[in-house]
Trainee: 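Let me begin by handing over the structure; questions about it come next.
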Number of protein chains: 2
Amino acid sequence: MSETLLGYDASKYRTPDGYTSDIAVFTIISTEVGPYKPPEKELKIMLIKRAEKTKEGELNIERGKWALPGGFIKPEETAYDAAVRELREETGIDGLKIKHFGVYDKLGRDQRGWILSNAHYAIVPENKLVKRKAADDAEEVALFSMDEVFQLELAFDHKKIIEDALWFIKKDMSLTTLAKNFLPKEFVLSELQGVLLTVMDDPWLKLDSQFFRKAPTLPFIEKVVKDGEPQKTNRWSKNKAQLYRFNDFDPYVSIYNAKY
Amino acid sequence: MSETLLGYDASKYRTPDGYTSDIAVFTIISTEVGPYKPPEKELKIMLIKRAEKTKEGELNIERGKWALPGGFIKPEETAYDAAVRELREETGIDGLKIKHFGVYDKLGRDQRGWILSNAHYAIVPENKLVKRKAADDAEEVALFSMDEVFQLELAFDHKKIIEDALWFIKKDMSLTTLAKNFLPKEFVLSELQGVLLTVMDDPWLKLDSQFFRKAPTLPFIEKVVKDGEPQKTNRWSKNKAQLYRFNDFDPYVSIYNAKY
DNA sequence: ATAACAGTTAACAATATGTTAATCATCAAT
DNA sequence: ATTGATGATTAACATATTGTTAACTGTTAT
């Protein structure tokens, strides 16, 4: 390829010193509080502790700090591809919901130079988390609550990235069926309510009488029915509760005909 | 800065060959269809025709094709800064709504190498468009309707970028007060309705009886009142119509308590 | 038995919506 | 100046959806 022909001389422009993909991995963990009680749920984020030394044995940048999983993108893959690959490498988990939400490109965010971060969030359903394997390079991996994470000293500008990720998750939870990525395929209304309340902060959702009356009519979830019999479970309660699943209805809302 | 200390040897990783900021600039053009009639509105996008030669007199890449305005980002600015700067350079307009919506990083999208595009959309209110100046390097600038633009042979992957931008504009128009960026500060309900219908495709909005009854109660717009007198105009109709303006109420909607 | 409890259904007033029609102000044509 | 057309606004009313409180249903623990 002739640079003269193409009218582009790379030496004229300074180019970025690196292009990375970072992933804010969220999950909701349940803690049992007793039999026949819906467990308490809490939103957690997965971070890795940056190694002291690189593979080459040199001192690592931002070593010892907690950081988002991620890494350098290869030219032959997109940032999304890299996010999928790195999430698999770090957690051994495949097939997750991953979404781009921003780019962090301010000079100075990474001491090593002009390094861009293409930021994604990912949702890991709790039931897949058990499959988590130790990362191959034995980095420390841990889950933090939102309260905890903002107390930590985080690497780079990852605090800002996590704040933004949280904002996007909340928004997507309100406006899309994102909740399904936190839930098992078949779930009970109180589980759905629990997931929503863990992330969103809508007083309407807290009112059982409202939520439990409206929810069964939502067009994007449907009762699980087998052989004409509605399927029920008593996973969380003495009384059997109806199971629901998400269908592929894509809800559309607008601020112009909503209620306030 | 010692690379050894920081544990990063740039030569180990291939780095991007360029980092650009591209902006999909949208406006809504009104064409008068007669006195006392609300004008017809149409969504348009601003494109520039890529020059035959670079400033250095060499043949330009993707020359002669229509493309999104944009250009290489300097290390000391962010992609957003660059979008603001380039929009000012191309159109002479400042203070516009500009929003990031995606990154295009697939190898092969730009013949010159591994070149990233940080994509933004921008809204230019029609009344500011008159101030548009000829771009300093005398590139051709033109507005295209959505029908027209997808017939053109566009540079790079700009067709895909424009499709995505359109999707984001539609979504943001439904869910945020983005419409205010297409409107003068004080406007009439039919103008608002016109802007919304130009971008969105919601049958509810078309029903005047519904829209005109609900709109005055929307919490994010308010009647313009001066000295206790509601301000009205007959800009578009024989009958005087109430003026409204957006306030700073931030509407919140959720799929879980919407109506369907 | 019965108290406790999650899940579910009922009841009903208050509010909002879908729909059709009336009213109002103005201009343009007769 | 009467009439008709037009866009903005209000009225009217049946229907549907909320907000709210209460009752009912299985099941378990006492």
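Note on naming: letters A, B, ... go to the chains in the order of the sequence lines (proteins, then strands), and numbering restarts at 1 for each one. A quick note: this is a predicted structure, and the numbers were derived from the prediction, not measured.
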Trainee: Measure the distance from CG on B:D208 to C1' on D:dG7 and round it to the nearest whole Å.
Mentor: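 Atom CG in B:D208 sits about 9 Å away from atom C1' in D:dG7.
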Trainee: Tell me whether the rings of B:Y260 and A:F249 are parallel (<30°), tilted (30 to 60°) or perpendicular (>60°).
Mentor: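 Rings of B:Y260 and A:F249: perpendicular, as their planes differ by over 60°.
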Trainee: Ignoring hydrogens and angles, does a donor from either the side chain of A:N239 or the base of D:dT27 sit under 3.5 Å from an acceptor on the other?
Mentor: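 Absent.
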Trainee: What's the closest nucleotide to the side chain of B:S237 if the choices are D:dT9, C:dT19, D:dG7?
Mentor: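 The nucleotide sitting nearest to the side chain is D:dG7.
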Trainee: With no hydrogens and no angle check, is any side-chain donor or acceptor of A:H158 less than 3.5 Å from a backbone partner on A:L68?
Mentor: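 Between the backbone of A:L68 and the side chain of A:H158 there is a qualifying donor-acceptor contact (under 3.5 Å).
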Trainee: D:dT18 phosphate, OP1 or OP2: any side-chain N/O from A:W204 under 4.0 angstrom?
Mentor: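 Checking D:dT18 against A:W204, no side-chain N or O comes under 4.0 Å of OP1 or OP2.
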Trainee: Can you check the B:Q210 CD to D:dT15 P distance for me, whole Å?
Mentor: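 That distance rounds to 16 Å.
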Trainee: Measure NZ/B:K206 against P/C:dT19 and give the value in whole Å, please.
Mentor: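 Atom-to-atom, B:K206 to C:dT19, this comes out as 15 Å.
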Trainee: So which nucleotide from C:dT17, C:dG7, D:dT27 ends up closest to the side chain of A:K238?
Mentor: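 Output: D:dT27.
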Trainee: Rounded to the nearest Å, what distance is computed from the NZ atom of residue A:K232 to the C1' atom of nucleotide C:dT9?
Mentor: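 The distance from NZ of A:K232 to C1' of C:dT9 comes to 11 Å, rounded to the nearest Å.
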Trainee: Say whether, by atom type as modelled, one donor and one acceptor occur between the side chain of A:T27 and the main chain of A:V124 under 3.5 angstrom.
Mentor: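 Checking the backbone N and O of A:V124 against the side chain of A:T27, a donor-acceptor pair under 3.5 Å is found.
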Trainee: On DNA chain D, does the nearest nucleotide to B:N257 precede the nearest nucleotide to B:P38 from the 5' side, or the other way round? Give the residue.
Mentor: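 Between the two, 5'-proximity favours B:P38.
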Trainee: What's the OH-P distance between B:Y256 and D:dT17, to the nearest Å?
Mentor: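 Spelled out: OH on B:Y256 to P on D:dT17 is 20 Å.
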Trainee: Please report whether the ring centroid of A:Y256 lies less than 6.0 Å from that of B:F220.
Mentor: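 Judged by ring-centre distance (under 6.0 Å), B:F220 and A:Y256 do meet the cut-off.
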Trainee: Pick the nucleotide of DNA chain C nearest each of A:W236 and B:K214; which residue has the one closer to the 5' end?
Mentor: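 On the 5' side of the pair lies A:W236.
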Trainee: Quick one: which of C:dT8, C:dT17, C:dT20 gets closest to the side chain of B:S209?
Mentor: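 Nearest to the side chain of B:S209 among the choices is C:dT20.
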Trainee: Report the distance from atom NZ of B:K37 to atom C1' of C:dT26, rounded to the nearest whole Å.
Mentor: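 To the nearest whole Å, that distance equals 14 Å.
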Trainee: Which residue lies toward the 5' end of DNA chain D, A:P35 or B:Y244, if each is placed at its nearest nucleotide?
Mentor: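 Nearest-nucleotide comparison on DNA chain D picks B:Y244.
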Trainee: Please report, rounded to the nearest Å, how far the P atom of D:dG26 is from the NZ atom of A:K240.
Mentor: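 Whole-Å distance recorded here is 11 Å.
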Trainee: Show your reasoning for whether side chain to side chain donor-acceptor pair (under 3.5 Å) applies to B:Y104 and B:D22.
Mentor: CA-CA 10 Å; B:Y104 297 83; B:D22 289 313; over 6 Å; no
Trainee: For the side chain of A:R213 and the base of C:dG7, is some donor closer than 3.5 Å to an acceptor across the two?
Mentor: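 Under the 3.5 Å cut-off, the side chain and the base do not form any donor-acceptor pair.
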Trainee: Once you round it to whole Å, what is the distance between C1' of D:dT15 and NZ of B:K259?
Mentor: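 Answer to the nearest Å: 15 Å.
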Trainee: So if I take every side-chain heavy atom of B:F212 and compare against D:dT9, D:dG7, D:dT18, which nucleotide ends up nearest?
Mentor: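 Of D:dT9, D:dG7, D:dT18, D:dT9 is nearest to the side chain of B:F212.
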